[in-house]
2 protein chains.
Amino acid sequence: MRVSTDRRTLLADAAIGVLADAGMRGLTHRAVDRAAQLPPGTTSAYYRTRQALLTALVRRLVALDQAELQEIGARTPPLRSAGEVVRGLVAFTAARLTGDGRRRSLARYACAVESARHPELREILVPRENLARQALCDFLAAQGVADPEERTVTLLTCVDGLVFDRLVNGGSVAEEELRGLVTAALR
Amino acid sequence: MRVSTDRRTLLADAAIGVLADAGMRGLTHRAVDRAAQLPPGTTSAYYRTRQALLTALVRRLVALDQAELQEIGARTPPLRSAGEVVRGLVAFTAARLTGDGRRRSLARYACAVESARHPELREILVPRENLARQALCDFLAAQGVADPEERTVTLLTCVDGLVFDRLVNGGSVAEEELRGLVTAALR
DNA sequence: ACGGTACTTCTACAGGTGTAGAAGTACCGG
DNA sequence: CCGGTACTTCTACACCTGTAGAAGTACCGT
């Protein structure tokens, strides 16, 4: 049994694109075939049920996000000032709102909505530890914040809210807005 | 031409329920018929295209939200302290996370995601003036905040982010979190 | 009472969708 | 060279969906 993990990943990536471009309703086996430029029936062969396809999509999405966040965290020196944190968040939000990051964000929020009804998806989507998050948490702890973990969660959830809004209504997340949130986290 | 606006509203309400319970993929003419307990074909007769159904759904959703916010604003005396604002937001978020408010929230976020791809929906969903929002904005202005409108938008967007998170992952929005956001808005 | 109008219900149908399994192809060990 | 295994592609089909229009029903003014 030599599993061609490449094909499966390719299809999962294509599925993310389809979800971003056509929504949950447009996410079908055949649409993924077309997006991946593979013969019709391919997606159905690798992910026989739609549920399997969606699960693979979500797993891939989380893997991509996690890889990105690990990378950001890895190349970020320990955060020393609120200004540095704000700059980091500006870059982060911008990446989620443009180009490929935007499509992934669209897919992510669509999955998040879906996961409210599907515990098995929620389990995969649940926020995980990663170096970027850790860097932020460490910063809050170093600044003497009492509950750095909780504050990190709240801060990132609010940032997510801003990203979601801009994703839908356009525009970008302003430095000013992020400064406010970071200040609140430090309060 | 005597239009039975009742039937249309009834169907739009049923559609909101279907969307909340079954997602965008489950939102079909026949599913709305069933949810409304009306003979099959009814929804299709009143909203011939799916697009028409979705548009009516979104309009109804906005009307319900707007009515709720006007009512909240109308019975709220002018806000005098951050504590009052926080209490108001606690009640507001709780209402969006339980019972019927929860279902409406699920539908709203699903529509928001959809509207990222559909300008005509976005136009209907765009945040509107209402008495509750006005009360918050007035409070910020009275506290000497420079850009009360912008701060109001940012604050409510962050609150929306918190609600979205709890909607998916469970739990409620803590007073502590809201206090942080309000403090940030006043900063 | 009755004809007409507007509303309601039913039926049809051309696609699309999920899923299964058959047919085809490539490639490795011998 | 060849048989077999695993991967790939094709085909089938039952069901669902969007949409149209016909048939049926209620109710109003006259």
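By convention in this document, chain letters (A, B, ...) are assigned in the order of the sequence lines, proteins followed by strands, and residues within each chain are numbered from 1.
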So side-chain hydrogen bond (donor to acceptor under 3.5 Å, both in side chains) across residues 123-137 of chain B, not counting sequence neighbours, yields Gln134(B)-Asp138(B)
Residues 142-187 of chain B vs ring pair (Phe, Tyr, Trp, His ring centres under 6.0 Å), sequence neighbours excluded, gives Phe164(A)-Phe164(B), Tyr109(B)-Phe164(B)
Note: contacts of residues 11-38 of chain B with DNA chain C (heavy atom, under 4.0 Å) are Arg25(B), Arg30(B)
To the nearest angstrom, the CZ-C1' distance between Arg7(B) and dT25(D) comes to 13 Å
Partner of Asp165(B) under side-chain contact (heavy atoms from CB on, under 4.5 Å), picked from Thr154(A), Thr157(A), Leu156(A), is Thr157(A)
Checking N1-N3 plus N6-O4 or O6-N4 for Watson-Crick, or N1-O2 and O6-N3 for wobble, each under 3.5 Å, the partner of dA23(C) is dT8(D)
Sorted by chain and residue number, the salt bridge (Lys or Arg N to Asp or Glu O under 4.0 Å) partners of Arg104(A) (sequence neighbours excluded) come out as Asp65(A), Glu68(A)
Residues passing the salt bridge (Lys or Arg N to Asp or Glu O under 4.0 Å) test with Arg122(A), sequence neighbours excluded, are none
(request) Decide, yes or no, whether a salt bridge links Glu84(A) with Arg87(A) under the criterion of side-chain N to carboxylate O below 4.0 Å. (result) no
Salt-bridge test for Glu120(B) and Arg59(B): reply yes if a basic N is under 4.0 Å from a carboxylate O, no otherwise. no
N/O contacts under 3.5 Å, protein versus nucleotides 20-23 of chain C?
{"residue": "dG21(C)", "atom": "N7", "partner": "Arg48(A)", "partner atom": "NH1", "Å": "2.8"}
{"residue": "dG21(C)", "atom": "O6", "partner": "Arg48(A)", "partner atom": "NH2", "Å": "3.2"}

Measuring only between side-chain heavy atoms, which start at C-beta, is Arg166(B) closer than 4.5 Å to Arg102(B)? no
